[in-house]
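Here the structure comes first, spelled out in structure tokens, and everything after it is commentary.
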Amino acid sequence: MANPTTRRRRGRRAPALAAAAAAAVLAVGGLAGCGSTGTSAATASQAGPTSSKAASVATTSLHMIANKGHQLAFYVTPGHLPAIVLDAGGGLDASYWKNIVPVLARQTGSEIITYDRSGEGRSSDVPGPWRAPNAASDLAAGLTQLGATKDVILVSHSLAGEIATYFVRQHPHWNSGAVLVDASLPEFYTPTETAKLVAENQQQIAALKQQPQTRATRQLLAEADDYGPVHLAYHKLSWPQGVPAIAIVSAQTPFTTPVDAQLWRLAQQEFVAGARNRRLVVAQGSSHDIPIDRPDVVINAVEEMARQLS
């Protein structure tokens with residue numbers, strides 16, 4: 001089973017979730033804190049380049065976007081099309097990409113957009129269960145109000161793969177391509193695997209409910225709500241044939257057991273085999289946190305996708 005929540009220990013959220021992380025073995029696509037996070041997205045600028053090439057990147061600006069009664073924080077580094085939209089994994093905000101944004105902006109010249117999903121960073125909390133279609137609606141609202149509704153390249157990590165799947169199905173003509181970074185894909189959630197994850201998550205969810213109800217724990221529980229039916233429905237979806245994709249799979253996967261790890265790899269392979277315009281990349285030496293451990297792999301894939309559109 002995956003234990004990505006423990007990766008938070010390197011970020012500022014670790015104290016709030018230390019007890020939960022110690023008790024929980026959590027599944028990607030449900031109760032998932034998918035990586036470490038550094039500085040909070042409360043700072044509008046995404047400064048922190050990984051190379052001197054990024055030193056002259058334009059300043060990132062904060063845009064507060066309204067959708068269905070709540071506010072969402074979007075961060076925009078100006079540039080040309082295609083717009084590159086970065087979406088972090090479960091429990092993470094836009095700051096997860098802080099070292100990649102300036103490099104991509106400098107090396108591609110594209111507009112770079114990151115955002116805080118509802119319940120994360122500067123964005124509003126939304127009561128009730130978290131659902132990927134609602135998150136896709138939030139993303140669509142933000143891109144619409146920012147004027148980025150064509151030539152979009154989605155870069156989606158972990159849980160954000162579910163948002164990407166719903167988003168691309170709803171807006172196929174907005175999307176010129178996607179880079180799916182160890183993403184939660186429909187192929188993984190067979191009835192057998194989903195039932196197994198539900199059974200294994202029950203104890204962890206009960207333990208989380210006993211923890212102090214911070215913003216972070218409430219969001220995690222919202223993401224885990226009704227896990228089984230949600231992912232059985234997700235399993236029936238398919239990625240549109242016309243939208244090219246590069247799937248990056250980590251060497252370790254988000255799972256600790258060999259059986260689950262192999263199923264994760266096979267799901268990525270099955271996804272790529274579904275169309276000729278898809279390619280699989282293995283991030284050697286990387287944990288599930290590919291954007292942290294191997295940012296070069298992510299950057300290279302995004303640049304490749306952007307070159308295909310030029």
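Throughout, numbering of the chain's residues begins at 1 and tracks the sequence. In what follows, every heavy atom counts, from backbone to side chain, and hydrogens, waters and symmetry copies are set aside. These numbers were taken from a predicted model, which means no experiment stands behind them.
Cluster membership check: L266 does not share its hydrophobic cluster with V282, using side-chain heavy-atom separations under 4.5 Å among Ile, Leu, Val, Met, Phe, Trp and Tyr. Transitive grouping of hydrophobic side chains (ILVMFWY, heavy atoms separated by less than 4.5 Å) keeps L185 and L232 in distinct clusters. Hydrophobic clustering of Ile, Leu, Val, Met, Phe, Trp and Tyr side chains at less than 4.5 Å, counting indirect connections, unites L237 with Y227. Neither V126 nor F74 shares a network with the other; the hydrophobic side chains, linked directly or stepwise wherever heavy atoms of I, L, V, M, F, W or Y lie under 4.5 Å apart, form separate groups for each. Follow the hydrophobic side-chain contacts under 4.5 Å out from L81 and you never reach I84; the two are in separate clusters.
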Y96 and H157: ring pair (Phe, Tyr, Trp, His ring centres under 6.0 Å), yes or no, with the steps? CA-CA 10 Å; Y96 186 69; H157 175 235; 5.3 Å; yes
Kindly indicate, with the supporting measurements, whether the criterion side chain to side chain donor-acceptor pair (under 3.5 Å) is fulfilled by S184 and E162. CA-CA 6 Å; S184 177; E162 300 184 24; 2.7 Å; yes
What verdict does the ring pair (Phe, Tyr, Trp, His ring centres under 6.0 Å) test give for F188 and Y234, after you've listed the backbone C-alpha separation in whole Å, the side-chain angles of each residue and the deciding distance to 0.1 Å? CA-CA 10 Å; F188 179 70; Y234 181 54; over 10 Å; no
For a side-chain contact (heavy atoms from CB on, under 4.5 Å) check, start with the C-alpha distance between W130 and D226, then their side-chain angles and the critical distance, and finish with the verdict. CA-CA 10 Å; W130 183 89; D226 218 10; over 6 Å; no
Tell me, with the steps shown, if S250 and T253 meet side chain to side chain donor-acceptor pair (under 3.5 Å). CA-CA 5 Å; S250 65; T253 82; 5.4 Å; no
Intermediate values then yes/no, side chain to side chain donor-acceptor pair (under 3.5 Å), W264 and D182: CA-CA 9 Å; W264 184 263; D182 231 11; 2.9 Å; yes
Would you sort out whether S95 and D93 count as a side chain to side chain donor-acceptor pair (under 3.5 Å), showing the intermediate values? CA-CA 6 Å; S95 65; D93 59 29; 2.5 Å; yes
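Looking at S137 and K68, their side chains come closer than 4.5 Å, going by heavy atoms from C-beta outward. Within the 4.5 Å cutoff, the side chain of V297 has no heavy atoms near those of the S286 side chain. At a threshold of 4.5 Å between non-hydrogen side-chain atoms, the residues W174 and V168 do not count as touching. Using a 4.5 Å heavy-atom threshold, the side chains of Q252 and H288 count as separate. A heavy-atom distance below 4.5 Å is found between the side chains of W239 and L180. Residues L159 and E223 form a side-chain contact, since some pair of their non-hydrogen atoms from C-beta on lies under 4.5 Å apart. Looking only at side-chain heavy atoms (C-beta outward), Y75 and L86 stay at 4.5 Å or farther from each other. At least one side-chain heavy atom of I299 sits under 4.5 Å from a side-chain heavy atom of L104.
Side chain of H235 to main chain of P186: a donor-acceptor pair is present (N/O by atom type, distance under 3.5 Å, no hydrogens or angles). Not a single donor-acceptor pair under 3.5 Å links the side chain of Q170 to the backbone N or O of T165. The backbone N or O of T77 sits nowhere less than 3.5 Å from a side-chain atom of T59 that would complete a donor-acceptor pair. Panel note: side chain R122, backbone D116; no donor-acceptor pair is recorded below 3.5 Å. Between the side chain of S110 and the backbone N or O of G79 there is no donor-acceptor pair closer than 3.5 Å. Side chain of R169 to main chain of S238: a donor-acceptor pair is present (N/O by atom type, distance under 3.5 Å, no hydrogens or angles). Panel note: side chain D293, backbone S287; a donor-acceptor pair is recorded below 3.5 Å. For H171 (side chain) and T149 (main-chain N/O), no donor-acceptor pair under 3.5 Å exists by modelled atom type. Listed for the Q145 side chain is a donor-acceptor partner under 3.5 Å among the backbone atoms of A66. For the pair R117 (side chain) and A88 (backbone), a donor-acceptor distance under 3.5 Å is present.
No salt bridge links E120 with R215; every basic N to acidic carboxylate O contact stays at or beyond 4.0 Å. Salt bridge D260/K196: present, at least one basic N to carboxylate O contact under 4.0 Å. A salt bridge between R131 and D225 is present, with a side-chain N of the basic residue lying under 4.0 Å from a carboxylate O of the acidic one.
For CD of Q262, the number of neighbouring non-hydrogen atoms (other residues, nucleotides, ligands) closer than 6.0 Å is greater than 12. With a 6.0 Å radius and a threshold of 12 heavy atoms from other residues, nucleotides or ligands, H173 has its NE2 atom at or below the threshold.
Counting only N and O atoms by type, the side chains of D87 and Y115 include a donor and acceptor under 3.5 Å apart. Using modelled atom types and a 3.5 Å distance limit, the side chains of S118 and S123 yield no donor-acceptor pair.
The nearest pair of heavy atoms linking S176 to P244 is O-CG, 3.2 Å.
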